[in-house]
Protein chains: 2
Amino acid sequence: MTGRDSMAGKNDNDVSRLDEAARAGWLYYVAGNTQDEIARKLGVSRQSAQRLVSLAVTERLVKVRLDHPIARCMELAQKLRERFPLQSCEVVPSDPATPASIVGIAQAAASEMERHLKSQEPKIIAFGTGRALRASIDQLPTMDCPQHKVVSLLGNMMSDGSASAYNVIIRMADRVNARHYPMPLPVFARSKRERELLHNQEPVHNILELAKDADVTFVGVGNMGETAPLFVDGFVSRDEMAALTAAGAIGEITSWVYGRDGDLIEGLTNDLVASAPLARSPDKPIIAIAAGEAKVDAMLGALRGRIVNGLITNELTAERLLAR
Amino acid sequence: MTGRDSMAGKNDNDVSRLDEAARAGWLYYVAGNTQDEIARKLGVSRQSAQRLVSLAVTERLVKVRLDHPIARCMELAQKLRERFPLQSCEVVPSDPATPASIVGIAQAAASEMERHLKSQEPKIIAFGTGRALRASIDQLPTMDCPQHKVVSLLGNMMSDGSASAYNVIIRMADRVNARHYPMPLPVFARSKRERELLHNQEPVHNILELAKDADVTFVGVGNMGETAPLFVDGFVSRDEMAALTAAGAIGEITSWVYGRDGDLIEGLTNDLVASAPLARSPDKPIIAIAAGEAKVDAMLGALRGRIVNGLITNELTAERLLAR
DNA sequence: TAATTTTGCGGGCAAATACTCACAAAACGC
DNA sequence: GCGTTTTGTGAGTATTTGCCCGCAAAATTA
């Protein structure tokens, strides 16, 4: 809070460069200038102007939103809402070339998150983990909302103590100024007893209470098998995965493994998972963010078992969900 | 809800064309495809793909938002807040080539409107008229918010009964599904007596009551003289304008003409203006949307007189306001 | 301080995009 | 049903943009 010399504009650090980038991006995307014009107006070379514009893009200063109800997507969302017990459902177009891509889903999810974050009343917003969720966070604008609490549903430590890459809360803290509560816990405890001990720690207990009262929850959905996030990221071994599959496991949300009707698998990893218990709230939104052929079965289980009551996915995945 | 052959994509009416445009725009801006790839994916020629993308832009399906606090603008906004009695103030960059342009202001204003429209509690939102306001409405996404009421602060009829081009409420009704109340009134009555009669009509009376209770108000600011909107659009004659200027008039908001300290001019057009009375609320936001060298004096008057307590303008105008 | 690495810049060029034009199909009016 | 207008299409072309490269300034290290 000391004096700052923002007038000078000569303290050529990252900030003033991003500032220029924002200006260039503004002139390009909002005012519709050509990069040549921008170069002249900002007094730099055309190439530099180009660099500034592309910097504005890569730094996600420019956010593009598409605002048209694409009939096919609306229709699919409608059908999904009819078929499954869903409060809300959003379907975004797929890129036919990379139908499993989370491009687009991230934007849609971010826009939904933003809606909640913009609310004036204090809210507790809970987050799972995963690639899609993490990509969504990256799409959030910087916001100031001290009234909210952002809480993690699960730890991000490997059993050896190293941190997983997909912890969304930390990322989120960079962008959104709200109270945030990362879960200082491994994904799996080494024994039921250890899990109990961990959960009874004062701060962890607090966070679990917060999570239970979450006003809105965003989670990813993990599949089983060779491509399972749990396996790929090294949280469960090949043998454990095989045992889970043999026990009828079909998917996983915040590392809680469930079967084809969304019923939790007894024993195995579920005895050790340290994540907050799954809350099946009928009224508070619990929104799954997921897409891809591989996740269809897992998503079906979560929907049937009402583990989630909201869904953000893409066209192709929506079609596959309805085809079953 | 009958069977539809949406896969075929051959029911070629306007809707499906915009749909295609949205899809193309999505693939281009969100998924980052080249127009060539889009052409192949949608099965059209590259030129058609280009047309679809540019259609998506001209139809305002793609909305670009810039999300970086440009230091200079923040600083100007801060200073304006310090100098004038403003609750809120936003300054957007100017395009150095066309500093009077409302490009950018419209986007910022739209985003502010959207913020209010997204609120869950029912709100009454009041609107004046003007080019900037109208351009802002065009930047709004389509929204569904039946909980709100959108009310016009003034009529849009010329004295001969023809409609002015800048009625924002009608435009708004296209985009935002809320209850809307256009004011079925001319801008000026022909006598004080007629004004009284008009205002006592049941529907008009209702709307005036709504306007009085507005939770948030957006207005434009008009200057006096040869370029005055009131004169250019033919609501007042050259002679009347001269009389106003002679009486010390400096600006106008919803056709209420005021002097350099924001005090209403006695008599003249103010005896006849049929707009809702100006409410000087200390707590409910009344936001002026205006920019341009010509409007600086008018804006200063409105600020001094606390006719507005919020401001959205651009860099250049902000500088001029502070220079006085 | 000198050597080395890093970073940013402008020139040039290939790719991508926007625009113009002539033409054809659909919509419209009579 | 026939001419007229409107709307959309593809080809060609000018403009704009993205990217690679060598160079020089700045930062880093020894």
Side-chain angles (χ1 to χ4, degrees), chain A residues 5 8-66 68 70-71 93 95-98 101 103, chain B residues 5-6 8-66 68 70-71 93 95-98 103:
Chain A
D5 53 349
K10 265 300 170 205
N11 42 352
D12 278 320
N13 39 26
D14 303 349
V15 178
S16 76
R17 184 164 168 77
L18 277 183
D19 230 72
E20 285 286 280
R23 209 168 270 275
W26 188 90
L27 287 167
Y28 190 68
Y29 288 106
V30 181
N33 282 284
T34 138
Q35 298 187 352
D36 238 330
E37 292 171 308
I38 297 170
R40 252 172 289 136
K41 285 173 184 172
L42 297 185
V44 298
S45 74
R46 190 189 66 74
Q47 291 83 343
S48 299
Q50 197 273 329
R51 274 179 205 117
L52 286 173
V53 171
S54 82
L55 182 70
V57 174
T58 56
E59 291 292 323
R60 293 177 213 285
L61 302 182
V62 292
K63 302 245 158 63
V64 182
R65 202 165 37 135
L66 232 129
H68 182 76
I70 297 186
D95 181 340
T98 56
S101 159
V103 169
Chain B
D5 52 350
S6 32
K10 266 300 170 202
N11 44 353
D12 280 319
N13 41 27
D14 298 351
V15 177
S16 79
R17 185 164 167 75
L18 275 184
D19 231 71
E20 285 283 278
R23 205 168 271 277
W26 189 90
L27 287 167
Y28 189 69
Y29 288 106
V30 181
N33 281 282
T34 128
Q35 299 187 348
D36 238 331
E37 292 170 309
I38 295 170
R40 251 172 291 136
K41 285 172 185 175
L42 297 184
V44 297
S45 74
R46 196 184 61 71
Q47 291 88 336
S48 298
Q50 195 273 327
R51 275 179 205 115
L52 285 173
V53 172
S54 84
L55 182 68
V57 174
T58 55
E59 291 293 324
R60 293 177 213 284
L61 302 183
V62 292
K63 301 244 160 65
V64 182
R65 202 165 42 132
L66 232 130
H68 182 77
I70 297 187
D95 182 340
T98 54
V103 170

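Here is how names work: the chains are called A, B, and so on, in the same order as the sequence lines, proteins then strands, and each is numbered from 1.
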Chemist: Examine the base of dG18(D) for any acceptor or donor lying under 3.5 Å from a partner atom in the side chain of Arg46(A), and report the outcome as yes or no.
Modeler: yes
Chemist: Backbone N or O of Tyr28(B) within a donor-acceptor pair of the Asn33(B) side chain at under 3.5 Å?
Modeler: no
Chemist: Give the rounded distance in Å between these two atoms: CG of Leu52(B) and C1' of dT9(D).
Modeler: 12 Å
Chemist: If you compare every side-chain N and O of Gln47(A) against the phosphate oxygens of dG12(C) (OP1, OP2), does one of them come in below 4.0 Å?
Modeler: no
Chemist: So how far is it from Leu61(A) CG to Leu55(A) CG, rounded to the nearest 0.5 Å?
Modeler: 7.0 Å
Chemist: With no hydrogens and no angle check, is any side-chain donor or acceptor of Ser48(A) less than 3.5 Å from a backbone partner on Val44(A)?
Modeler: no
Chemist: Is any side-chain N or O of Tyr28(A) closer than 4.0 Å to OP1 or OP2 of dT16(D)?
Modeler: no
Chemist: If you assign each of Thr34(A) and Arg51(A) to its closest nucleotide in DNA chain D, which residue comes earlier from the 5' end?
Modeler: Thr34(A)
Chemist: Return the value, rounded to whole Å, for the distance between atom CG of Leu55(A) and atom C1' of dG18(D).
Modeler: 15 Å
Chemist: Mind checking whether Val53(A) and Gln35(A) have side chains closer than 4.5 Å, heavy atoms only?
Modeler: yes
Chemist: If you compare every side-chain N and O of Gln50(B) against the phosphate oxygens of dG10(D) (OP1, OP2), does one of them come in below 4.0 Å?
Modeler: no
Chemist: When you measure from the side-chain N and O atoms of Ser45(B) to the phosphate of dT9(D), is any distance below 4.0 Å, counting only OP1 and OP2?
Modeler: no
Chemist: Between dA15(C) atom C1' and Gln35(A) atom CD, what is the distance in whole Å?
Modeler: 14 Å
Chemist: Please check the phosphate of dG8(D) (OP1 and OP2 only) for any side-chain N or O of Ser48(B) closer than 4.0 Å.
Modeler: no
